[in-house]
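Excluded from the calculations below are hydrogen atoms, water molecules and symmetry mates; all remaining heavy atoms, backbone and side chain alike, are included. The chains referred to below are lettered A, B, ... by the order of the sequence lines, with proteins before strands, and numbering in each begins at 1.
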There are 2 protein chains.
Amino acid sequence: MNIGDVAERAGLPAKTIRYYEDIGLVTPQRAANGYRRFREADLHKLTFLGRARSLGFSIEDCRALLALYEDDSRASADVKRIAEDHLARIDRKIAELSAMRETLSHLVRACSGDDKPDCPILHGLENG
Amino acid sequence: MNIGDVAERAGLPAKTIRYYEDIGLVTPQRAANGYRRFREADLHKLTFLGRARSLGFSIEDCRALLALYEDDSRASADVKRIAEDHLARIDRKIAELSAMRETLSHLVRACSGDDKPDCPILHGLENG
DNA sequence: CATAGGGATTCCAGTCAATGGAAGGTCAAG
DNA sequence: CTTGACCTTCCATTGACTGGAATCCCTATG
């Protein structure tokens, strides 16, 4: 497979796949003309990466998950720890956004949104 | 005020304040020795910026909000529109994270987390 | 007066995870 | 032979800072 084919099948931009090779997540072979040549195993890895990234795992998490994915003698506890840590990060992020949402929605609700300058939103930003 | 004082009072790192000057959000005066000299109005702006940033507004939103803040003939509708747009972005982000959380927590719950290689998390990443 | 410290200055590089674009090489079809 | 779709590498940019180096300024003490 050339990069275009694997990109389509993995659902990732070719550019991203080149980047993943750059940082050592995949190591496709090369054809005589210099083109990358991807095998089925590469496609599996890229699909795996796409899914992990879409769940918000960092590239470094993905690297670790991929290593475990390829390691037949892994302990599922190692995978679970990474996933739980990430879940905790997600929860913290949601909490942070919810707090923002809470504050901001109060301000928005208080603002008449007309052509007059008086504005509770600006007032809130000014005075905490 | 020197940058250290205004940094402390605004609750922002000095480095961030220099950056904000760099991108034109504040324009402190300069003393004869080259030090930045901040007035009370600068402090207000920086405090305003800190609050807006902590609510997740982008720098460009902050720039627009600051312009409205300084414009006595503003319409509160303009402020409200920016805030509502941002609120919608927050909601989308929360929804996205919640979806990740949902998927991931299912996988985590299904994983025994022991020393055996069998792992529903990896399986889920492999097969969608 | 020398010096030590704490603060200030500028500039450059790095973060994260790509993404955009330029300049050029390769290949299959018509 | 040319066209157009692919592919290649390399460099720059994104957002919002943050870290660090090298240097300068000010004040206080010995």
Side-chain angles (χ1 to χ4, degrees), chain A residues 1-38 42 45-46 48-66 85-86 89-90 92-93 96-97 100, chain B residues 1-39 42 45-46 48-66 82 85-86 89-90 92-93 96-97 100:
Chain A
M1 268 177 289
N2 282 346
I3 198 167
D5 308 316
V6 82
E8 176 155 8
R9 291 175 67 185
L12 291 171
K15 207 104 201 191
T16 299
I17 295 172
R18 288 192 198 100
Y19 169 68
Y20 286 172
E21 182 188 17
D22 229 48
I23 62 174
L25 288 179
V26 280
T27 49
Q29 298 191 295
R30 292 288 176 145
N33 60 10
Y35 285 18
R36 291 168 183 80
R37 221 183 40 200
F38 296 85
D42 295 319
K45 283 173 86 166
L46 288 167
F48 181 98
L49 281 170
R51 298 229 172 82
R53 290 289 300 131
S54 80
L55 287 181
F57 284 104
S58 73
I59 288 288
E60 287 318 305
D61 278 351
C62 288
R63 196 188 297 280
L65 288 171
L66 212 46
D85 286 357
H86 179 48
R89 273 197 302 277
I90 290 176
R92 280 197 299 279
K93 192 73 197 165
E96 187 187 335
L97 287 169
M100 289 178 186
Chain B
M1 270 178 287
N2 282 346
I3 199 168
D5 308 315
V6 82
E8 176 155 10
R9 290 175 68 185
L12 291 172
K15 207 106 201 192
T16 299
I17 295 172
R18 287 193 197 100
Y19 170 67
Y20 285 171
E21 182 187 17
D22 229 47
I23 61 175
L25 288 179
V26 280
T27 49
Q29 298 191 294
R30 293 288 175 145
N33 60 10
Y35 286 18
R36 288 169 184 80
R37 221 183 39 199
F38 295 85
R39 314 157 156 251
D42 295 317
K45 283 173 87 165
L46 287 167
F48 181 98
L49 282 170
R51 297 229 172 82
R53 289 290 300 130
S54 79
L55 287 180
F57 284 104
S58 72
I59 289 287
E60 287 317 306
D61 278 353
C62 288
R63 196 187 298 278
L65 289 170
L66 212 46
I82 294 173
D85 286 357
H86 180 46
R89 272 197 303 276
I90 289 177
R92 280 197 300 278
K93 191 74 196 167
E96 186 187 337
L97 286 169
M100 287 179 188

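Using a 4.0 Å heavy-atom cutoff across all strands shown, A/R36 reaches sugar-phosphate atoms only and no base atom. Note on A/F57: nothing from the nucleic acid sits closer than 4.0 angstrom, heavy atoms only. Using a 4.0 Å heavy-atom cutoff across all strands shown, B/R37 reaches no nucleic acid atom at all. Among the protein residues, A/I3 comes within range of the sugar-phosphate backbone only, with heavy atoms under 4.0 Å from sugar or phosphate atoms but none that close to a base.
In terms of phosphate contacts, A/Y20 brings a side-chain nitrogen or oxygen within less than 4.0 Å of OP1 or OP2 of C/dA18. Taking only side-chain nitrogens and oxygens, B/R53 comes nearer than 4.0 Å to OP1 or OP2 of D/dC17.
Atoms CD (A/E21) and C1' (D/dT9) sit 12 Å apart, rounded to a whole Å. Straight-line distance from the CD1 atom of B/I17 to the C1' atom of C/dA8: 13 Å, rounded to whole Å. Between the CG atom of A/L25 and the P atom of C/dC16 there is a distance of 13 Å, given to the nearest Å. Across the protein-nucleic acid pair, A/Y19 atom OH and D/dC10 atom P stand 17 Å apart, rounded to whole Å. One can place CG of A/N2 at 11 Å from P of D/dC6, the figure rounded to the nearest angstrom. Summarising the geometry, the separation between CZ on A/R18 and C1' on C/dA22 is reported as 14 Å, rounded to the nearest angstrom. For the pair B/K15 NZ and D/dG20 C1', the interatomic distance rounds to 7 Å; values are reported in whole Å. Following rounding to the nearest Å, B/F38 (CZ) and C/dT9 (C1') show an atom-to-atom distance of 12 Å.
In this structure, B/E96 places its CD atom where more than 12 heavy-atom neighbours from other residues, nucleotides or ligands lie under 6.0 Å away.
Side-chain atoms of A/Y35 come within donor-acceptor range of the base of C/dG25, with a qualifying N/O pair under 3.5 Å.
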task = For side-chain contact (heavy atoms from CB on, under 4.5 Å), just list the numbers for A/I59 and A/Y20, CA-CA rounded to whole Å, side-chain angles, deciding distance to a tenth of an Å, and then say yes or no.
result = CA-CA 9 Å; A/I59 288 288; A/Y20 286 172; 3.7 Å; yes
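Nearest-nucleotide mapping onto DNA chain C: of A/N33 and B/G4, the residue sitting toward the 5' end is B/G4.
Of all nucleotides listed (D/dT9, C/dT10, D/dT18), D/dT18 comes nearest to the side chain of B/T16. When each of C/dA18, D/dC17, C/dT10 is scored by its nearest atom to the side-chain atoms of B/R30, the top-ranked nucleotide is C/dT10.
A 4.5 Å side-chain heavy-atom check between B/E21 and B/I3 finds every atom pair outside the cut-off.
Side chain of A/H86 to backbone of A/D61: no donor-acceptor contact under 3.5 angstrom is found.
The minimum heavy-atom distance linking A/F48 with A/L66 is given by the pair CD2-CD1, 3.4 Å.
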